Amino acid sequence: MLNVQKRGLSGRSVKADRRVRRTRDRLGQALRKLMEERPLEKISVQDVIELAGVSRSAFYAHYDDKIDLLLSDMDEFLERMAMLLVVRNEQSDRIAPVSECFSHVGEAMEIRGALARSERLQDFFDLAVEHFGRGIEARLKQIKWQSASDRQSGSDLTAHALAGAFIGLLNSWTRTGQRQSPESMDSLFHQMVWGGLAGRTENNNGRWKAESLKR
């Protein structure tokens, strides 16, 4: 489990919070850089803190071990990415930042390879589905797709199913050499999404929402 208790920042000053954030960012960046060079099992906590330039006590103030650091780093990245459209209240029909996520993952193939070699890739996918499930559910509410009955009857299941499709598409894209652009994958995903959702609900104006993403 992630070290949630150690991550709590309530009651601290803004200055202290920023210092904690910088420490956590430096540790995460150090681990990612090391994972580009060698398998996770060959990386020690000492390697991480030396590269990050932080003390051992500072490391253990936030994390239990290198696995806790890895999962926490992935968790924080996925949370930010999953809520990206909601936070900026994007004025579009997109329900997930597909092109942004594909671009980021596509440029970090060394990290993906390191996760696969360390048998942690499935952990990444599991976290991604959970975060994007919540993000898609929030986004559908934000763009007012759901009716009152939809909100009361399995909207979270619909969102998590869509998140699973999104992550499955991402996995297939990376395994097959990223032949399509992130933008084309964004359009493909949202064509599938709205094609499916149009068959079971109406938008607030009472018209079927069957159009694909318009840019």
Side-chain angles (χ1 to χ4, degrees), residues 1-4 7 67-68 70-106 112 115-116 119-176 180 182-215:
M1 293 182 64
L2 300 179
N3 192 346
V4 177
R7 279 195 254 153
I67 301 300
D68 190 23
L70 173 62
L71 293 177
S72 296
D73 194 51
M74 290 193 300
D75 187 65
E76 291 170 3
F77 162 72
L78 289 168
E79 182 177 26
R80 290 194 301 271
M81 186 63 71
M83 298 303 294
L84 181 64
L85 302 185
V86 176
V87 170
R88 69 190 187 195
N89 193 22
E90 180 175 302
Q91 300 302 299
S92 76
D93 285 342
R94 293 203 302 162
I95 63 168
V98 179
S99 58
E100 294 90 339
C101 186
F102 276 48
S103 294
H104 187 93
V105 173
R112 186 181 187 280
L115 289 171
E119 299 183 351
R120 293 289 171 177
L121 192 56
Q122 190 58 50
D123 291 330
F124 176 84
F125 289 142
D126 290 343
L127 282 170
V129 171
E130 289 302 312
H131 279 298
F132 280 100
R134 290 191 289 271
I136 289 172
E137 184 177 12
R139 179 63 177 163
L140 287 172
K141 293 177 181 177
Q142 186 177 55
I143 63 179
K144 297 178 173 57
W145 166 73
Q146 296 165 312
S147 66
S149 60
D150 288 319
R151 288 193 293 271
Q152 297 172 2
S153 60
S155 62
D156 59 329
L157 297 179
T158 298
H160 277 74
L162 293 172
F166 170 35
I167 299 306
L169 194 63
L170 174 62
N171 189 28
S172 297
W173 181 72
T174 55
R175 287 191 296 102
T176 56
Q180 301 84 6
E183 292 74 22
S184 66
M185 297 304 292
D186 196 310
S187 294
L188 174 62
F189 175 73
H190 285 95
Q191 287 171 10
M192 294 190 297
V193 166
W194 291 119
L197 293 180
R200 63 180 295 268
T201 191
E202 293 181 331
N203 67 10
N204 284 353
N205 295 323
R207 296 176 301 210
W208 294 112
K209 197 166 191 175
E211 293 185 357
S212 62
L213 175 66
K214 293 181 180 179
R215 296 186 181 281

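Throughout, residue positions are numbered sequentially from 1 according to the sequence presented. In this text, all values refer to a predicted model and were calculated from it rather than measured experimentally.
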I'd like to know whether R120 forms a side chain to side chain contact (heavy atoms under 4.5 Å, CB included) with I67, so could you lay out the CA-CA distance, the side-chain angles of the two residues, the decisive distance to 0.1 Å, and finally the verdict. CA-CA 9 Å; R120 293 289 171 177; I67 301 300; 3.8 Å; yes
Please lay out, stage by stage, how R94 and E100 fare under the test salt bridge (charged side-chain N to carboxylate O under 4.0 Å, His left out). CA-CA 12 Å; R94 293 203 302 162; E100 294 90 339; 2.9 Å; yes
Please test F124 against L78 for side chain to side chain contact (heavy atoms under 4.5 Å, CB included), starting from the C-alpha separation and ending with a verdict. CA-CA 9 Å; F124 176 84; L78 289 168; 3.9 Å; yes
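Partners of A82 under the side-chain contact (heavy atoms from CB on, under 4.5 Å) rule, at least two apart in sequence or in another chain, are H131, F132. Listed by chain and residue number, nothing satisfies the side chain to side chain donor-acceptor pair (under 3.5 Å) test with Q180 (two or more places apart in sequence, or in another chain). Considering only residues two or more places apart in sequence or on other chains, F77 meets the ring-ring contact (aromatic ring centres under 6.0 Å, His included) condition with H104. In this view, E119 satisfies the side-chain contact (heavy atoms from CB on, under 4.5 Å) rule with no residue, not counting sequence neighbours. Taking the side-chain contact (heavy atoms from CB on, under 4.5 Å) definition, one finds that R175 meets it with R112, N171, S172, sequence neighbours left out. Listed by chain and number, the residues in a side-chain contact (heavy atoms from CB on, under 4.5 Å) with Q122 are F125, D126 (sequence neighbours excluded).
In this structure, CH2 in W173 is found 12.5 Å from CD1 in I167, a value given to the nearest 0.5 Å. Once rounded to the nearest 0.5 Å, the distance linking CZ of F166 with CZ of F102 reads 5.5 Å. From L162, atom CG reaches atom CG of L140 across 7.0 Å, with rounding to the nearest 0.5 Å. One distance of note links CG of L70 with CG of L115; it measures 6.0 Å at 0.5 Å rounding. The structure places CD of Q142 at 8.0 Å from CG of L85, a figure rounded to the nearest 0.5 Å. Here the straight-line distance linking atom CG of D75 with atom CG of L127 works out to 5.5 Å at 0.5 Å rounding.
Between H190 and D186 there is a side-chain heavy-atom pair separated by less than 4.5 Å. Looking only at side-chain heavy atoms (C-beta outward), M81 and P97 come within less than 4.5 Å of each other. Proximity of D93 to V193: side-chain heavy atoms (C-beta onward) are nowhere separated by under 4.5 Å.
Of the possible donor and acceptor atoms, none in the side chain of R139 sits under 3.5 Å from a partner among the backbone N and O of A96. With Q91 contributing its side chain and N89 its backbone, the two residues share a donor-acceptor pair below 3.5 Å. A donor-acceptor contact shorter than 3.5 Å is absent between the side chain of E137 and the backbone of A159.
The closest side-chain donor-acceptor pair between D156 and H160, if any, does not fall under 3.5 angstrom.
Looking at every heavy atom in both residues, A163 comes nearest to V129 through CB-O, 3.6 Å. Taking both residues in full, the closest heavy atoms of S99 and P182 are given as O-CB, 3.5 Å, listed atom of the first, atom of the second, then distance. The heavy-atom pair separating L170 from C101 by the smallest distance is CD2-SG, 4.3 Å.
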